[in-house]
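Before any comments, here is the structure.
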There are 2 protein chains.
Amino acid sequence: MTTSEENYLKVIYHLSNLSPKGVNTNAIAGMLDTKASSVTDMLKKLSDKELVDYQKYQGVFLTEKGKLNAKMIVRNHRLWEVFLVEKLGFAWDEVHEVAEELEHIRSEKLINQLDKFLNYPSFDPHGDPIPNAKGEIQNIDKQLLSEIDVNKTITCIGVKDTSVDFLQYLNKQQISLGTKIKVLEKEAFDGTIKIEINSSILVISDKIANNLYVKTH
Amino acid sequence: MTTSEENYLKVIYHLSNLSPKGVNTNAIAGMLDTKASSVTDMLKKLSDKELVDYQKYQGVFLTEKGKLNAKMIVRNHRLWEVFLVEKLGFAWDEVHEVAEELEHIRSEKLINQLDKFLNYPSFDPHGDPIPNAKGEIQNIDKQLLSEIDVNKTITCIGVKDTSVDFLQYLNKQQISLGTKIKVLEKEAFDGTIKIEINSSILVISDKIANNLYVKTH
DNA sequence: TAATATTTTTAGTTTTGCCTAAAAATTTAA
DNA sequence: TTAAATTTTTAGGCAAAACTAAAAATATTA
Ligand SMILES: [Mn+2]
Ligand SMILES: [Mn+2]
Ligand SMILES: [Mn+2]
Ligand SMILES: [Mn+2]
């Protein structure tokens, strides 16, 4: 498989979770920053290789084979992100771009030894689950911060938006995975939330609250 | 730079050391397992980018810019090889292929942090020197085993041929970097050498002796 | 339901990196 | 020094992965 084919598979995999009745050509184009016509070309190729089920105008689905391949790329991506943060001292907002390249290195031994070296981590630096060598994913209960009731104290366990801008905003506010947050007040009008972190008070917008995954104790 | 351009630069760099009066088109084609006509195409492109000095029919030279780029790719390659052996438990005959892919990951921070993580190694698992971040290479005195006089004891510090076949032959004979070898007898007729390793006796061909780098004590 | 808007596909190009076959230049050998 | 062999370049093509523009299908809305 080429790097391009792998990138398409991965995007279709991520989009499948959101739109289970077939992934749209335009949605794929948007994620890959390419044109719809290029996507159509690639869907034909992936279909020939039996990595996707594709009927024109009807959206696309991953086959089992396609899904397993996609999971392995996600596995590579997330393991490399762990490596970069844990071993090479990268910040969580610096790893994505490099992992986008590293994920395409093709070597079973490499990735399985890396997994072992990292002590078989279950989650990446953004709190996303890492598929194991069989493609199995350990999902855990998580809620958005926006769903938490006033006066509850929760722990930050992941981010929904993994953009550099959002991650750097969190850095500035001293919010990272493991940070304990107490919900003090919720403003019904605009969804703004007042929270307490390390005994300092902070007001965050609904957009922030809708992109932070937390777990109750 | 593309992966293909990088591979050409690296090959020209390695061949330059052997033929300092210009690298031949055919030699490059041989190393890259491609055709001479493809090499000519690429030489024009590299010349446009001022990475090589090229005049047709006259062989090719790296410019300073080209040489520095080539050294950085070699640096990447060799650092990744150290990582694979030291951290992931690869054998020295298993690393080359994967390093061929890893060397093209483009990130200054990645490679410099990897260098630090590995404790700034000077040599790779095959005894080849690793250029530092400035492109400087620490060369050390070495001789071929074939050049060593009878009765001298020396230490194996590198291999000239890094092919899987040769490395696996050395594995079988329990020869690795650091192995002490005593030269017992040299056969003038065919260059065969009788040596002692860990108090066991072994006869090796001239081909082997011409591909093992050693240092005297 | 018919008209309009949106999405998707097709048709035709471009660029990169490779190929084969043939021509040109250089090297080797008689 | 000319003829033959070898090396290198040119010319013309191909496949992958992108693009633009136009056509076709589907979805929306009046
Ligand atoms: Mn990422
Ligand atoms: Mn991640
Ligand atoms: Mn190597
Ligand atoms: Mn090496």
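Here is how names work: the chains are called A, B, and so on, in the same order as the sequence lines, proteins then strands, and each is numbered from 1.
In this structure, the CG atom of B:Leu9 is 15 Å from the C1' atom of C:dG17, given to the nearest Å. Straight-line distance from the CD atom of B:Glu6 to the C1' atom of C:dG17: 15 Å, rounded to whole Å. Here the P atom of nucleotide C:dT15 and the CE atom of B:Met42 are 16 Å apart, to the nearest Å. Per the geometry, CG belonging to B:Asp41 stands 12 Å off C1' belonging to D:dT8, to the nearest Å. Regarding A:Gln55, its CD atom lies at a distance of 11 Å from the P atom of C:dT9, rounded to whole Å. A straight line from NZ of B:Lys44 to P of D:dT9 spans 8 Å, rounded to a whole angstrom. Rounded to a whole Å, the CG atom of B:Leu32 is 16 Å from the C1' atom of C:dT16. For the pair A:Lys35 NZ and C:dT14 C1', the computed distance is 14 Å after rounding to whole Å.
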**OP:** Might you work through the side-chain contact (heavy atoms from CB on, under 4.5 Å) test for B:Trp80 and B:Val98, ending with a clear yes or no?
**Re:** CA-CA 9 Å; B:Trp80 281 115; B:Val98 181; over 6 Å; no
Original post:
Hey, mind stepping through A:Asp128 and A:Arg78 against side-chain contact (heavy atoms from CB on, under 4.5 Å) and telling me if it holds?
Top reply: CA-CA 8 Å; A:Asp128 290 314; A:Arg78 293 179 180 166; 3.5 Å; yes
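In this structure, A:Lys87 forms a cation-pi arrangement with A:Phe117, its terminal cationic atom sitting closer than 6.0 Å to the ring centre and no more than 45° off the ring axis. Seen from the ring of B:Tyr13, B:Lys71 does not count as a face-on cation partner, given the 6.0 Å and 45° thresholds. Both cation-pi conditions hold for B:Lys109 and A:Phe90: the charged atom is under 6.0 angstrom from the six-membered ring centre and inside a 45 degree cone around its axis.
Between B:Thr2 and the phosphate of C:dT16, there is no side-chain N or O to OP1/OP2 separation shorter than 4.0 Å. When the side-chain nitrogen and oxygen atoms of B:Ser38 are compared with OP1 and OP2 of C:dC19, one or more of them lie within a distance under 4.0 Å. Side-chain N/O atoms of A:Thr34 include one lying less than 4.0 angstrom from OP1 or OP2 on D:dC19.
For A:Lys45, the side-chain atoms get nearest to D:dA16 when compared with the rest of C:dT10, D:dA16, D:dC19. When the nucleotides C:dC18, D:dT9, C:dT10 are ranked by their closest atom to the side chain of B:Thr40, D:dT9 comes out on top. In this structure, the nucleotide among D:dT9, C:dG17, C:dT9 sitting nearest to the side chain of B:Tyr54 is D:dT9. The listed nucleotides are D:dT8, C:dT10, D:dA18; the one nearest the side chain of A:Tyr8 is D:dA18.
With rounding to the nearest 0.5 Å, the separation of CD1 in B:Ile105 from CG in B:Leu114 is 11.5 Å. One distance of note links CG of A:Asp161 with CG of A:Leu167; it measures 7.0 Å at 0.5 Å rounding.
Under the rule for a salt bridge (charged side-chain N to carboxylate O under 4.0 Å, His left out), B:Lys56 has no partner lying at least two apart in sequence or in another chain. Residues forming a salt bridge (charged side-chain N to carboxylate O under 4.0 Å, His left out) with B:Glu101 (at least two apart in sequence, or on another chain): none.
If you check distances only, the side chain of A:Ser37 does reach the base of D:dT20 with a donor-acceptor pair under 3.5 Å.
Residues of residues 13-24 of chain A that place a heavy atom closer than 4.0 Å to DNA chain D do not occur. Contacts with DNA chain D (heavy atom under 4.0 Å) in residues 96-103 of chain B: none are found.
Side-chain N/O atoms of B:Asn7 and B:His104 include a donor and acceptor closer than 3.5 Å. Side chains of A:Thr63 and A:Glu50: no donor on one and acceptor on the other come within 3.5 Å. The closest side-chain donor-acceptor pair between B:Asn76 and B:Arg106, if any, does not fall under 3.5 angstrom.
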Report, one pair per line, the protein and nucleotides 2-6 of chain C atoms (nitrogen or oxygen only) whose separation is under 3.5 Å.
none

N/O-N/O pairs, protein side and nucleotides 25-27 of chain D side, under 3.5 Å:
from	atom 1	to	atom 2	distance (Å)
D:dA25	O4'	A:Tyr57	OH	3.4

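Ring centers of A:His96 and A:His126: at least 6.0 Å apart, outside the cut-off.
A salt bridge links A:Glu103 with A:Lys10; the closest basic N to acidic carboxylate O contact falls under 4.0 Å.
Taking the six-membered ring for Trp and thresholds of 30 and 60 degrees, B:Tyr169 and B:Phe166 have nearly parallel ring planes, at less than 30 degrees apart.
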